[in-house]
Amino acid sequence: MSDPIEIKVDNAEILKALKRLSEKTQNLRPVMKNIAGIMMDSVEENFAQQGRPKWKDLAEVTKKQRRKEGKWPGMILQKSQGGLVDSISSDYGDDYAIVGTNKKYAAIHQFGGPAGKKKKVNIPARPYLSLGDDAVKEIKSEIIRYF
């Protein structure tokens, strides 16, 4: 198993609301469960829409290879079942909500960079572990509802 990829939500309003919430209650587990669900929905929507904003298209050589394999036309980052999209999972606890994957190749797709033999191929970043504006608003609403 590879090291986990950690994506932190750097949203001052959400963090401030969570801090206020933690000061008012000791049991954040129910709200963390709901936040993990919202985050999971947002990540699934990223795959469905092939990025928000749209991910850079696949290279022609990649499309050609996929055609040979009978896997194109298709979706970016969704070459086969059981791959990256199916590996996304969520977890939550008393003071955390997370969404992530255990796939070794996940980081290169999230952050982009050199890949392949001798690192001659540059894979563009296609951030699938991100929250859309609608998810951020929904998380804020969930925290407010929980007060």
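In this chain, numbering begins with 1 at the start of the sequence shown.
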[X] (side chain) donor-acceptor with [Y] (main chain) under 3.5 angstrom:
X: Lys63; Y: Pro73; value: no
X: Gln110; Y: Tyr128; value: yes
X: Gln78; Y: Phe47; value: yes
X: Arg126; Y: Asp57; value: yes
X: Ser42; Y: Ile38; value: no
X: Tyr146; Y: Leu28; value: no
X: Arg52; Y: Ser130; value: no

Run the numbers on Met32 and Tyr96 for side-chain contact (heavy atoms from CB on, under 4.5 Å), then give the verdict. CA-CA 6 Å; Met32 291 300 168; Tyr96 68 91; 5.7 Å; no

Separation between [atom1] of [X] and [atom2] of [Y], rounded to the nearest 0.5 Å:
X: Ile139; Y: Ile35; atom1: CD1; atom2: CD1; answer: 6.0 Å
X: Ile76; Y: His109; atom1: CD1; atom2: NE2; answer: 11.0 Å
X: Asn102; Y: Ile88; atom1: CG; atom2: CD1; answer: 9.0 Å
X: Gln50; Y: Trp55; atom1: CD; atom2: CH2; answer: 7.0 Å
X: Lys104; Y: Ile108; atom1: NZ; atom2: CD1; answer: 15.0 Å
X: Asn34; Y: Glu138; atom1: CG; atom2: CD; answer: 9.0 Å

Looking at side-chain heavy atoms only, is the closest gap between [X] and [Y] below 4.5 Å?
X: Tyr105; Y: Leu84; value: yes
X: Leu58; Y: Arg66; value: yes
X: Val136; Y: Lys140; value: yes

If the threshold is 4.0 Å, N to carboxylate O, is there a salt bridge linking Lys16 and Glu13?
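Between Glu13 and Lys16 there is no salt bridge, as every charged N stays at least 4.0 Å from the carboxylate O atoms.
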
Which atom of [X] lies closest to which atom of [Y], heavy atoms considered:
X: Lys103; Y: Ser87; value: CG-OG, 3.4 Å
X: Val99; Y: Ser90; value: CG2-CB, 3.9 Å
X: Thr101; Y: Ala106; value: CG2-CB, 3.3 Å

**Study point:** Over 12 foreign heavy atoms within 6.0 Å of NZ, Lys54
**Key:**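 Check passes, neighbour count above 12.
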
- Query: Can you tell me if NZ on Lys56 sees more than 12 non-hydrogen neighbours from other groups inside 6.0 Å?
  - Reply: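 No.
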
- Query: When hydrophobic residues are tied together by side-chain contacts of less than 4.5 Å, even through go-betweens, does Leu129 share a cluster with Ile98?
  - Reply: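 Per the 4.5 Å side-chain linkage, Leu129 and Ile98 are not co-clustered.
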
